[in-house]
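Basis for what follows: all heavy atoms, side chains included, without hydrogens, waters or symmetry-related copies.
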Amino acid sequence: MEYWIISAPGEKSPPSTFDRLNQATCAGSDKMSENFKFVIPELKVGTLDVLVALSDDLAKLDTLTESVVRKVASTLEDVLETSAKGNLSDNLRVGEYPANVYLQKFVWSTSRYPPKQSPRNIADMIAKEMAHVESELKARYNSYNSLKGNLQQLERKSAGSLLTRNIADLVKKEDFVLDSEYLITLVVIVPKLNADDWWKSYETLSEKVVPRSSRVVFEDNEHMLVTVTLFRLVVDTFKTKCRENKFMVRDFAYSEEEIAAGRNELDKLTADKKKQFGPLVKWLKINFGEVFVSWIHVKALRVFVESVLRYGLPVNFHAMVVHPLKKNQRKLRDTLNQLYGHLDSTALSGQKISSMEIPGLNLNAADYFPYVYYKVTLDMLDPTR
């Protein structure tokens, strides 16, 4: 979803700058765009040197602020996980509006960024806000991710192959000989392809194996989990023989206390994740709106500063939001060049921007037009559009 924020000098007589834009791009059946007013209050101008320096800094602040907007959006997408990704755009709102509608209805926030403050002060305020949000986002997300990672690690141990999974939940107390000075019960993973070999040979893999002591405790598609009881004296020999015959002895000692502790840890991590999930999602949703507002105000500052640098004093320009229709983007660009080409003939002459002395504009050749122009891409909301 792409929008263009443009500005052109105010007209001395009707029709207004905005009406002329609509007449050129929306008249008749061949509609090229949807257009909206982008009202910027008259800010303090300062000196030309101040504006040129501010233009450089605003370009960097624009990049920083957009990156924070996208970080918050991508973090929310990750936290919501796969099942809710389809509803991401429903969660990325600015107050009561979707982000694109906020842009279309843009009103300068005089409470957050008083116009009586200089553009430099407003830019510094936004920079501090972005630093704070970035820092808090990192701390909150790292905490949640650490918790999530620990939980996933425990969950993986409770599922998957018998070769690696936690087998504590698969066995029972009665499967083991406990508290014996001489006997011990081992847990062995036997490939199903080798099941016959196990039953034929386990009693003779070493001396002192209790006859008929092996039992199948659990099985999946590929392996059986079996127990076998033998004398402690021959454990090492028995394990060696098992390896030679492709049987895997799991290192496991039955302990009701440890099993209970493992279950409690899993339950605690699950509860902690749920406890953090709601507040984190709420924080991300609120702060997406906050940083998006800041981002669009940075765009407004850039439009104001560049319009003054381009069109001079006294301040007299109209800023507009243009939503180009995809099939007519090239035609729309040509129409805008025809409408505003008289403002700067060098922009249409093919002259390279690097050879043009335009202080403070920070534009490459592809983005330089006779009118002030900035693109806003909202693909974090709907990548398919």
Side-chain angles (χ1 to χ4, degrees), residues 2-28 31-52 54-55 58-59 62 102-110 113-120 122-123 295-324 331-349 356-363 367-376:
E2 182 174 302
Y3 287 84
W4 302 346
I5 304 178
I6 68 172
S7 83
E11 298 292 339
K12 295 180 180 179
S13 58
S16 69
T17 303
F18 182 73
D19 289 339
R20 285 193 65 196
L21 174 68
N22 277 337
Q23 290 170 7
T25 62
C26 300
K31 187 176 181 181
M32 290 175 271
S33 65
E34 295 176 309
N35 307 318
F36 310 90
K37 292 181 179 180
F38 190 74
V39 180
I40 304 172
E42 186 167 337
L43 305 172
K44 292 183 177 180
V45 175
T47 65
L48 178 63
D49 289 345
V50 169
L51 290 181
V52 171
L54 181 59
S55 180
L58 286 174
D62 191 352
Y102 169 81
L103 178 59
Q104 295 167 11
K105 297 177 176 288
F106 175 76
V107 176
W108 184 275
S109 177
T110 56
Y113 308 117
K116 64 181 180 179
Q117 294 280 344
S118 69
R120 167 64 68 185
I122 294 172
W295 184 32
I296 302 307
H297 278 75
V298 173
K299 292 290 188 187
L301 286 174
R302 295 192 74 185
V303 170
F304 179 85
V305 169
E306 187 180 345
S307 296
V308 174
L309 289 172
R310 290 265 200 119
Y311 309 138
L313 295 173
V315 176
N316 180 27
F317 69 88
H318 287 183
M320 299 155 285
V321 172
V322 177
H323 183 204
K331 186 175 181 181
L332 173 62
R333 186 67 77 188
D334 291 340
T335 299
L336 293 178
N337 285 338
Q338 292 172 14
L339 192 61
Y340 303 121
H342 65 283
L343 297 174
D344 188 347
S345 59
T346 58
L348 304 179
S349 67
M356 295 163 33
E357 295 182 2
I358 307 175
L361 294 189
N362 289 294
L363 298 172
D367 287 337
Y368 186 74
F369 301 97
Y371 47 92
V372 172
Y373 162 83
Y374 291 107
K375 182 168 70 173
V376 179

**Student:** Out of curiosity, Asp49 CG to Leu54 CG, how far, rounded to the nearest 0.5 Å?
**Tutor:**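 Here the rounded value is 12.5 Å.
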**Student:** Is it true that Arg302 and Glu306 make a salt bridge, defined as a side-chain N closer than 4.0 Å to a carboxylate O?
**Tutor:**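 No, this pair does not count.
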**Student:** Show me the donor-acceptor pairs within less than 3.5 Å that the side chains of residues 35-46 make with the rest of the protein, sequence neighbours left out.
**Tutor:**
residue	atom	partner	partner atom	Å
Asn35	OD1	Ser33	OG	2.8
Asn35	ND2	Asn22	OD1	2.8
Asn35	ND2	Thr25	OG1	2.8
Lys44	NZ	Lys116	O	2.9

**Student:** Who are the side chain to side chain contact (heavy atoms under 4.5 Å, CB included) partners of His318, not counting sequence neighbours?
**Tutor:**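 With neighbours one apart ignored, the set is Thr17.
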**Student:** Would you check if Val376 and Val321 make a side-chain contact, meaning some heavy-atom pair closer than 4.5 Å?
**Tutor:**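 Not in contact.
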**Student:** Determine the minimum heavy-atom distance between Ala8 and Tyr340, stating which atoms define it.
**Tutor:**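 Distance-wise, the nearest heavy atoms are CB-CE2, 3.4 Å.
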**Student:** Check Gln23 against Pro15 and note the closest heavy-atom contact, atom names and distance.
**Tutor:**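 Closest approach of Gln23 to Pro15: NE2-CB, 3.9 Å.
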**Student:** Can you confirm whether Leu309 sits close enough to Leu48 that some side-chain heavy atom of one is under 4.5 Å from a side-chain heavy atom of the other?
**Tutor:**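 Counting from C-beta outward, Leu309 and Leu48 do come under 4.5 Å.
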**Student:** Would Tyr374 and Asp62 count as having a side-chain donor-acceptor pair, cut-off 3.5 Å?
**Tutor:**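 Absent: no donor and acceptor within the cut-off.
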**Student:** For Trp4 and Arg333: C-alpha separation, side-chain torsions, deciding distance, then whether side-chain contact (heavy atoms from CB on, under 4.5 Å) applies.
**Tutor:** CA-CA 11 Å; Trp4 302 346; Arg333 186 67 77 188; 3.4 Å; yes
**Student:** If you apply the rule side-chain contact (heavy atoms from CB on, under 4.5 Å), what do you find for Ile296 with Phe106, and how did you get there?
**Tutor:** CA-CA 8 Å; Ile296 302 307; Phe106 175 76; 3.6 Å; yes
**Student:** Taking the side chain as every heavy atom from C-beta outward, state whether Asp19 and Pro14 have any atom pair closer than 4.5 Å.
**Tutor:**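 The answer is no, as the side chains (C-beta and beyond) never meet within the 4.5 Å cut-off.
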**Student:** Count the heavy atoms of every other residue, nucleotide or ligand shown that sit under 6.0 Å from CZ of Arg120, and state whether that count exceeds 12.
**Tutor:**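 Count over threshold, so yes.
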**Student:** Apply side-chain contact (heavy atoms from CB on, under 4.5 Å) to the pair Leu301 and Tyr113, showing each step before the final yes or no.
**Tutor:** CA-CA 11 Å; Leu301 286 174; Tyr113 308 117; over 6 Å; no
**Student:** Counting distance only, does the side-chain N/O of Arg310 pair as donor-acceptor with the main-chain N or O of Pro370 below 3.5 Å?
**Tutor:**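 Side chain of Arg310 to backbone of Pro370, a donor-acceptor pair under 3.5 Å: yes, one is there.
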**Student:** Where is the tightest heavy-atom contact between Ser7 and Tyr371, given as atom of each residue plus distance?
**Tutor:**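 Here Ser7 and Tyr371 meet closest at O-CB, 3.5 Å.
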**Student:** If you take all heavy atoms of Glu2 and His323, which pair is closest and at what distance?
**Tutor:**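 The pair with the smallest heavy-atom distance is O-CD2, 3.1 Å.
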**Student:** Indicate yes or no: at least one non-hydrogen side-chain atom of Ser16 is less than 4.5 angstrom from one of Glu11.
**Tutor:**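 Side chain of Ser16 against side chain of Glu11, heavy atoms only: no contact under 4.5 Å found.
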**Student:** Please step through side-chain contact (heavy atoms from CB on, under 4.5 Å) for the pair Phe369 and Asp344, ending with a clear verdict.
**Tutor:** CA-CA 8 Å; Phe369 301 97; Asp344 188 347; over 6 Å; no
**Student:** If you look at every heavy atom in Lys299 and Ile5, which pair is closest and at what distance?
**Tutor:**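 That closest heavy-atom pairing would be CB-CD1, 3.9 Å.
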**Student:** Among Val372, Leu58, Val315, exactly one meets side-chain contact (heavy atoms from CB on, under 4.5 Å) together with Phe304. Which residue is that?
**Tutor:**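 Per the side-chain contact (heavy atoms from CB on, under 4.5 Å) rule, the option paired with Phe304 is Val315, out of Val372, Leu58, Val315.
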